[in-house]
There are 2 protein chains.
Amino acid sequence: MTKTSKDANSPASDPFVFEQPCPIRDVLDRIGDQWSLLVLESLAPARRRFSELQRAIGDISKQMLSRTLKQLEQDGFITRTVYPEVPPRVEYELTELGRSFEQPMRELVQWADSNHRQIVEARARYRATR
Amino acid sequence: MTKTSKDANSPASDPFVFEQPCPIRDVLDRIGDQWSLLVLESLAPARRRFSELQRAIGDISKQMLSRTLKQLEQDGFITRTVYPEVPPRVEYELTELGRSFEQPMRELVQWADSNHRQIVEARARYRATR
DNA sequence: AAATATTGGTCTAATTAGTAGACCGTGGGC
DNA sequence: GCCCACGGTCTACTAATTAGACCAATATTT
């Protein structure tokens with residue numbers, strides 16, 4: 001979803017078609033990737049350093065963690081603080097914007113938690129009928 | 001995030017590390033991809049057929065739309081109804097589970113809408129200081 | 001009668017994104 | 001002197017995504 005142009009065959013008149021640049025698309029492109037939500041959730045309870053985040057998420061590669069953090073910093077969700085020590089220490093922390101995102105994120109997580117069973121059941125049902 | 005194993009160096013004792021199979025991870029893996037949220041949002045106001053969804057989202061490939069819909073159906077978010085006409089008509093509709101997801105999704109979208117400006121500004125600020 | 005368009009997909013080849021793991025610099029402990 | 005810790009980056013390999021051809025069956029156009 002990197003393309004912002006390509007409004008071919010999208011009559012702006014049709015209110016059903018997403019506008020193209022669309023704030024929702026723009027934001028969802030960022031937080032709707034494989035890792036951003038997980039990182040934000042890890043950062044919600046407390047500031048963390050790079051290696052803590054990596055351990056917490058478990059199966060993210062350094063490169064993707066690095067890239068995700070950079071994007072989140074860019075978009076103003078988190079701050080990055082470097083402590084000039086050796087070995088280096090870098091801490092990531094939610095900004096006010098990032099903290100304001102906690103509420104909708106929590107709802108999402110809560111929904112996931114409440115409905116996980118149903119989803120698992122749906123999957124089993126699907127496998128049975130395929 | 002296809003891997004569910006690989007709990008190497010993740011002491012189950014550490015409450016900060018995500019459990020591994022984790023309902024939140026499991027659900028986020030599904031709806032936290034590039035397209036699922038967009039599809040669900042498109043389906044929120046009304047049932048849609050395949051081509052309508054493709055036009056609405058605009059820059060999704062047929063293959064990814066097809067795959068996304070299949071996953072959402074598998075997980076019980078939507079139903080798929082085939083009408084034996086020619087040319088074929090296939091309609092997708094939210095299930096009750098899918099509709100129950102509207103609430104947290106709406107909050108997310110609302111947040112995105114409200115905070116989009118701030119994010120754009122943060123990006124500009126970042127570019128200025130890089 | 002013969003093309004042509006329509007719809008919901010699938011298949012293949014080419015591009016792009018993501019992964020694992022080596023590597024780097026610097027200072028502290030052994 | 002030697003190796004470890006930390007936060008990355010770089011490279012080579014692998015996995016995911018895309019664009020576009022193709023399909024079946026009928027209705028419409030020429």
Side-chain angles (χ1 to χ4, degrees), chain A residues 1-10 25 28-39 42-43 47-74 78-93 130, chain B residues 1-10 25 28-39 42-43 47-74 78-93 130:
Chain A
M1 220 185 298
T2 317
K3 296 164 190 168
T4 328
S5 53
K6 182 169 190 177
D7 48 341
N9 84 338
S10 73
R25 289 293 297 266
L28 251 42
D29 278 3
R30 194 46 53 93
I31 57 119
D33 66 31
Q34 216 62 192
W35 304 114
S36 294
L37 276 176
L38 255 8
V39 169
S42 297
L43 246 25
R47 49 166 47 194
R48 304 282 180 196
R49 47 197 298 187
F50 189 89
S51 53
E52 285 178 313
L53 287 169
Q54 197 177 12
R55 282 191 324 111
I57 297 175
D59 57 353
I60 189 173
S61 67
K62 282 178 155 200
Q63 196 171 65
M64 282 313 289
L65 179 55
S66 172
R67 196 177 301 173
T68 302
L69 288 167
K70 206 172 289 178
Q71 289 178 337
L72 289 174
E73 189 198 355
Q74 244 173 246
I78 61 176
T79 56
R80 176 177 183 272
T81 313
V82 183
Y83 297 85
E85 306 170 356
V86 141
R89 181 162 59 100
V90 179
E91 291 195 336
Y92 295 91
E93 187 175 13
R130 77 189 151 91
Chain B
M1 222 186 297
T2 316
K3 295 165 193 168
T4 328
S5 54
K6 181 167 188 177
D7 47 343
N9 86 337
S10 73
R25 289 293 296 264
L28 251 42
D29 278 2
R30 194 48 50 94
I31 56 118
D33 65 30
Q34 215 62 194
W35 304 113
S36 295
L37 277 175
L38 254 7
V39 169
S42 297
L43 247 26
R47 50 165 47 196
R48 304 283 180 196
R49 48 196 300 188
F50 190 89
S51 52
E52 286 179 313
L53 287 169
Q54 199 178 11
R55 282 194 320 112
I57 296 174
D59 57 352
I60 188 173
S61 68
K62 284 178 154 199
Q63 197 170 67
M64 282 313 288
L65 179 55
S66 172
R67 195 177 300 171
T68 303
L69 287 167
K70 204 173 288 174
Q71 289 178 337
L72 290 174
E73 189 198 355
Q74 244 173 244
I78 62 176
T79 57
R80 177 179 185 271
T81 313
V82 182
Y83 297 86
E85 306 169 358
V86 141
R89 181 159 61 99
V90 181
E91 292 196 336
Y92 294 91
E93 188 176 12
R130 77 188 154 89

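All chains are named by letter (A, B, ...) in the order of the sequence lines, taking the proteins before the strands, and each is independently numbered beginning at 1. Reckoned from all heavy atoms, side chains included, excluding hydrogens, waters and symmetry mates.
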(request) To the nearest Å, give me how far apart NZ (B:Lys62) and C1' (D:dC23) are. (result) 10 Å
(message) Just N and O in the side chain of B:Arg89: are any of them under 4.0 Å from OP1 or OP2 of C:dG8?
(response) no
(message) Rounded to whole Å, please give me the gap between OH in A:Tyr92 and P in D:dG7.
(response) 8 Å
(message) Looking at A:Ile57, is its backbone amide N or carbonyl O close enough to the side chain of B:Arg25 to form a donor-acceptor pair, meaning the two atoms are under 3.5 Å apart?
(response) yes
(request) Give the rounded distance in Å between these two atoms: CD of A:Gln54 and P of D:dA5. (result) 14 Å
(message) Using a 4.0 Å cut-off on heavy atoms, which residues in residues 63-71 of chain A reach DNA chain C? List them by number, or say none.
(response) A:Gln63, A:Met64, A:Arg67
(request) Not counting sequence neighbours, which residues clear side chain to side chain contact (heavy atoms under 4.5 Å, CB included) with A:Ser66? List them please. (result) A:Phe50
(message) If the condition is side chain to side chain contact (heavy atoms under 4.5 Å, CB included), which residues does A:Glu91 pass it with, not counting sequence neighbours?
(response) A:Arg47, A:Arg49, A:Tyr83, A:Arg89
(request) Under 4.0 Å between any heavy atoms, over every strand shown, what does B:Tyr83 touch: base, sugar-phosphate, or nothing? Just pick one. (result) nothing
(request) Send over the distance from B:Glu91 CD to C:dT7 P, rounded to a whole Å. (result) 13 Å
(request) Tell me which nucleotide among D:dA19, C:dG8, D:dG7 gets nearest to the side chain of B:Ser61. (result) D:dA19
(message) One character per nucleotide, please: for nucleotides 25-30 of chain D, 5' to 3', B when the base has a protein heavy atom closer than 4.0 Å, S when only the sugar-phosphate does, - otherwise.
(response) BS----
(request) Supply the atom-to-atom distance A:Leu53 CG to A:Leu65 CG, rounded to the nearest 0.5 angstrom. (result) 5.5 Å
(request) Would you mind reporting whether B:Gln34 and A:Leu28 have side-chain heavy atoms less than 4.5 Å apart? (result) no
(request) Would you mind reading off the distance between B:Phe50 atom CZ and C:dT6 atom P, rounded to a whole angstrom? (result) 16 Å
(message) With a 4.0 Å limit, can you tell me whether B:Ser51 has a side-chain N or O closer than that to the phosphate oxygens OP1/OP2 of C:dG8?
(response) yes
(request) Measure from CG on B:Asp29 to P on D:dA16 and round the result to the nearest Å. (result) 12 Å
(message) Less than 4.5 Å apart, side chain to side chain, heavy atoms only: is that true for B:Thr79 and B:Glu73?
(response) no
(request) State which residues pass side chain to side chain contact (heavy atoms under 4.5 Å, CB included) with A:Val90; sequence neighbours excluded, sorted by chain then number. (result) A:Arg80, A:Val82, A:Tyr92
(message) What is the separation between atom CG on B:Asp59 and atom C1' on C:dT16, rounded to the nearest whole Å?
(response) 15 Å
(message) Has B:Ser36 got a side-chain atom pairing as donor or acceptor with B:Arg30's backbone, closer than 3.5 angstrom?
(response) yes
(message) Is there a side-chain contact between B:Glu93 and B:Leu43 in this structure, where contact means two heavy atoms from C-beta onward sitting under 4.5 Å apart?
(response) no
(message) Please pick, from C:dT19, D:dG8, C:dG8, the nucleotide with the shortest atom-to-atom distance to any side-chain atom of A:Trp35.
(response) C:dT19
(message) Tell me the interatomic distance from B:Glu52, atom CD, to C:dT6, atom P, rounded to whole angstroms.
(response) 15 Å
